[in-house]
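Here is how names work: the chains are called A, B, and so on, in the same order as the sequence lines, proteins then strands, and each is numbered from 1.
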2 protein chains.
Amino acid sequence: MNILEKIANELDTFSKSERKVAEVILSSPGTVIHASIAALAKEANISEPTVNRFCRRLDTKGYPDFKLHLAQSLANGTPYVNRHVDENDTAEEYTSKIFESTMANLELARKSLDTSTINRSVDLLTQANKISFFGLGASAVVAHDAQNKFFRFNVPVVYFDDILMQRMSAINSRQGDVVVVISHTGRTKSLVDVASLARENDATVIGITTAGTPLAKECNIVLSVDVAEDTDLYMPMASRIAQLTLIDCLATGFTLRRGTKFRDNLKKVKDSLRSSRFERKD
Amino acid sequence: MNILEKIANELDTFSKSERKVAEVILSSPGTVIHASIAALAKEANISEPTVNRFCRRLDTKGYPDFKLHLAQSLANGTPYVNRHVDENDTAEEYTSKIFESTMANLELARKSLDTSTINRSVDLLTQANKISFFGLGASAVVAHDAQNKFFRFNVPVVYFDDILMQRMSAINSRQGDVVVVISHTGRTKSLVDVASLARENDATVIGITTAGTPLAKECNIVLSVDVAEDTDLYMPMASRIAQLTLIDCLATGFTLRRGTKFRDNLKKVKDSLRSSRFERKD
DNA sequence: CAGAAATTATGAAATTTTATTTCATAATTA
DNA sequence: TAATTATGAAATAAAATTTCATAATTTCTG
């Protein structure tokens, strides 16, 4: 725990004098990190040894060490936490909040990811005869993006955001095909059906979804991405970004696995786009 | 700038002895913040005054102040920096790198965003008769996502990722329509044409692109999102995430502007999806 | 290009600043 | 009232900084 929070937390376990120091620190921690023990003692109207004891009580080695901890608490500015957009927020405020919670959720997602599962997925993708990406609604966007990326690798890849096409495609799949189904909730009935159809037809099914959901149970491999529950309350925001970043990882793993030759291919695709562009004049 | 980066940066402006200190610090900054000036001097095989001078050269008041800065640099764990994927990276490594640089780029994007422009864009969007999102390739994904979000608001919204449809739609636009064109490079010829067609037909054109590009010049408003140049070398990764987060901001601004009634509407859309889902049993 | 002069870098020692310990006393609680 | 705990003055210890002499390096000059 952050030492500032800790001070605020334990405020009522402190003695009278210690509380004085605590209050000075909490009221302007930024000043304290540049103050000597004498200055702080004077500011709080108590003696230097009291400040020192206060620091020790907080499990630091002494005043300098305490300042170090304090500096670290302060370093994050506002740490990347999920902050909720409020009715009266200005553009400035909600923009910051959205960016910050997106970052916080990416951090969370990264921690929750199992890299060995990513590795296995990349294995399967590199060996696939055909790759399909299926998603609905917000997850269709992720599937769309995946198609875009894998298309560049010059492998057979399709994407559908339409239930019927997904079903038809699933029914026509065969051994050696990889089907990637994407759904944050993992509870969309039709997608669960698609997954099970694909498996019945011997395709390998990779699920990008939450672990333990009905969809997850139908998949050969589950790439689960945790994000804070309530961020997607009204609109899928954080989960989608986390899924897209996961797609980046898969695509990157894919290119690495395929080696240098394939990276040249990527460059070729990129170069082929040049003529449709205005030249940069710099 | 982070003091650790600064040290790494200015490594070759240091004198011989200073470089010794720098190297010790860079090799284990975590140890240094708990070391006294004497201990650090000894470790680097130089004298204490040299350490002190080193600290001052980095614009700190002295050794204790330097340690404070160092502690702050370290507070974020590994700070979110752009780290490049390497040929021999394991899944673990490239996953971390991708997530970290995505976060770093979001941070960068947030700093570069002009919130007053966001505010104006939200203004225009709330007043639009019809909203169109156009993008090609990776930016089509962003347009697709935007359509998804704004569709929930129950406003007329379309998205096209096809040049011809975009042109036709642009030609048929009229005063009161808002056209959002999305392109990271801002140099895709056909999209620039679409933007100019839309303007000729009195639509308001909002560009989500890099400032100063040909596309930007055709737009009424430019929402520019800066990301590190080289992250999108082979595939658009970071820029796309930044653009999507920007879309989240616009959508959020939109709901806030429209007030409580509209948020109820959002909930209604969400509820209507329920029947197509498996119930959660928790 | 040698060698002197000037400049800059460095560390030993002294000084100053800062933090910590000790211990006596005050405040609080039992 | 005794026991415990909290507190600060003074002493001590530790750490950082300054001063200054010397070493290393660079620049200039013949």
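B:Arg57 comes within 4.0 angstrom of no nucleic acid atom, judged by non-hydrogen atoms across all strands.
Spacing between atom CG of A:Leu40 and atom P of C:dT18 amounts to 13 Å, rounded to whole angstrom units. When rounded to the nearest whole Å, the span between NZ of A:Lys20 and P of C:dA27 equals 12 Å.
Protein chain A contacts DNA chain D from D:dA6 to D:dA9, reading 5' to 3' and using non-hydrogen atoms of the protein with a distance under 4.0 Å.
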Check the pair A:Glu107, A:Arg110 against salt bridge (charged side-chain N to carboxylate O under 4.0 Å, His left out), reporting the backbone distance first and the verdict last.
CA-CA 5 Å; A:Glu107 179 74 49; A:Arg110 182 184 62 154; 2.9 Å; yes
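Classified by interplanar angle (parallel below 30°, tilted 30° to 60°, perpendicular above 60°), the ring pair A:Phe254/A:Phe153 is parallel.
The only option from B:Arg57, B:Arg53, B:Arg56 that meets the salt bridge (charged side-chain N to carboxylate O under 4.0 Å, His left out) definition with B:Glu18 turns out to be B:Arg57.
Side-chain atoms of B:Ser101 never come within 3.5 Å of backbone atoms of B:Ala104 as a donor-acceptor pair (strictly under, hydrogens ignored).
Here B:Asp226 does not pair with B:Lys111 in a salt bridge; the nearest charged N to carboxylate O distance is not below 4.0 Å.
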